[in-house]
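To find a chain, count down the sequence lines: A is the first, B the second, and so on, and within it residues start at 1.
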Amino acid sequence: VTLSAPRDDEFTLLELADRLLNKGVVLTGEATISVAGVDLIYLGLNVVLTAVENLKSGSAAASDHPR
Amino acid sequence: VALREGELIAWASAADGGDLFAHHAVVERIFATTRACLPARFDTPITPELLHDRYADLFLALERVEGRAELAVTALWTSSPETRTSGTAYLRARAEMLATAKHVAQQLEDACDGDLAAAEHRELPSAAVALSSALLVERDTAAMIKQRLTLEAQDVRILVNGPWPPYTFAALGAAREE
C-alpha cells in the first residue's frame, strides 16, 4: 500500500474502517481514535490495521463484557 | 447472543470473537432484514444494564435511521497537491482547497435534492482527499441517489460507496437537523 496512489478500493476500505472504528452507537463513553485531532484512519491503512490489532488485544484484556 | 429490552434487541458476540470486517458483515446482514437497525461501533461493550439505562436514547436513535441508509462519498484530488515552502502560499492554497471541498459538499447536497435526511461532511481529512461525506438517505431511493452523486466537479473525482448501515448517524442523543 502506498499513500501516494491508493486505489479506489483502498479508499473504500478506509471509509468503511473509519465508520466501524469511529462511528456507530457507543453505550459507554465516547472514544474517538485520533492523534492530534487527525482521525487515525486517515494516517494510513497500515496504521489502522495495527490500531485494530491493538484495540482487539487491549479490549480483550481489559473487558469482561460481551460485545 | 441476543439481549432483549422492551422492543429492542441487541445482537452481541462473545468478547473474544470477531474482527473489524466480520463485525460489518453481521451488521449488514441484520440491516438487510430489518427496517430499523442501529449499528454499534466496533468492539463496544453492551450489557443488559446498559441496554436498560439507555433504552429511550436508543429508541430515538433507531427512529431517526429507520428505513434509511448511509452513502459514503469520497472526493479525491485529481492532481497531487504541490509541496509549498512559503507559509503564505501554503495558507492560501489551503484556503482554496477548503473552498473547493465546501463547494463539492454543497454540490452533493444539491444533487440529493429533497432526498437527504442528514449529512456530515469532513473537509480535507488527508492529503489525497478533499472531502469525506456521509449522507443519510431513504433506503428505497439510495441506489438512484448514488448514481446522481457521481457528478463532475473541478479538481476532484467522486467515489461513492454504500448504501451502508447508517454508522455515521447512529450516535446517541445527537440532535441532527433533518
Side-chain angles (χ1 to χ4, degrees), chain A, chain B residues 1 3 10-21 23-24 27 38-51 53-54 57-58 61-62 65 70 72-76 80 120 122 124-129 132-134 157 159-162 164-172:
Chain A
V1 176
T2 58
L3 285 178
S4 56
R7 300 190 314 267
D8 283 359
D9 57 353
E10 288 170 342
F11 280 109
T12 298
L13 208 59
L14 282 175
E15 291 284 3
L16 183 57
D18 177 46
R19 283 163 174 78
L20 294 166
L21 291 169
N22 291 322
K23 312 288 180 181
V25 170
V26 177
L27 293 175
T28 50
E30 293 281 334
T32 300
I33 301 163
S34 66
V35 175
V38 179
D39 286 351
L40 190 55
I41 201 76
Y42 275 111
L43 294 179
L45 192 56
N46 291 328
V47 178
V48 175
L49 294 178
T50 307
V52 174
E53 283 307 312
N54 290 345
L55 195 69
K56 281 167 69 180
S57 56
S59 66
S63 169
D64 294 321
H65 297 303
R67 270 176 294 169
Chain B
V1 289
L3 303 178
W11 299 95
S13 61
D16 57 350
D19 64 32
L20 193 58
F21 295 104
H23 171 76
H24 176 60
V27 172
L38 202 64
R41 187 173 303 184
F42 176 69
D43 211 28
T44 194
I46 188 165
T47 61
E49 293 75 30
L50 282 169
L51 200 57
D53 291 348
R54 307 301 302 270
D57 290 338
L58 285 167
L62 261 175
V65 299
E70 173 171 345
V73 184
T74 318
L76 306 163
S80 39
E120 230 181 78
R122 195 162 30 159
L124 312 182
S126 76
V129 179
S132 170
S133 295
R157 189 164 61 83
L159 187 67
V160 188
N161 282 295
W164 283 336
Y167 289 104
T168 304
F169 304 95
L172 294 188

**Request:** Return the minimal non-hydrogen interatomic distance between B:A170 and A:G24, and the atom names on each side.
**Result:** CB-CA, 3.9 Å
**Complete:** The reported gap from NE2 in B:H24 to CG in A:L16 (rounded to nearest 0.5 angstrom) is 4.5 Å
**Message:** side chain to side chain contact (heavy atoms under 4.5 Å, CB included), that's the test. Do A:N22 and B:Y167 meet it? Break it down for me.
**Reply:** CA-CA 9 Å; A:N22 291 322; B:Y167 289 104; over 6 Å; no
**Fill in**
To the nearest 0.5 Å, atom CG of A:D8 lies from atom CG of B:N161 at 8.5 Å
**Prompt:** Taking 4.0 angstrom as the limit, do A:R19 and B:E70 come out as a salt bridge?
**Reply:** yes
**Message:** Using only atom types and a distance under 3.5 Å, with no angle test, would you say the side chain of B:R41 pairs donor to acceptor with the backbone of A:K23?
**Reply:** yes
**Asked** For the atom pair CG (A:L14) and OG (B:S132), what is the distance rounded to the nearest 0.5 Å?
**Response** 9.5 Å
**Asked** Where do A:F11 and B:T74 come nearest, in terms of heavy atoms and distance?
**Response** CD2-CG2, 4.5 Å
**Request:** Considering non-hydrogen atoms only, spot the tightest contact between A:A17 and B:L20 and give its length.
**Result:** CB-CD2, 4.0 Å
**Asked** Measuring heavy-atom distances to chain A, does B:A134 have an atom under 4.5 Å in its side chain, in its backbone, in both, or in neither?
**Response** both
**Message:** Nearest 0.5 Å, please: how far is CH2 in B:W164 from OG1 in A:T12?
**Reply:** 6.0 Å
**Item:** Which atoms of B:V73 approach chain A - backbone, side chain, both or neither, heavy atom under 4.5 Å
**Value:** backbone
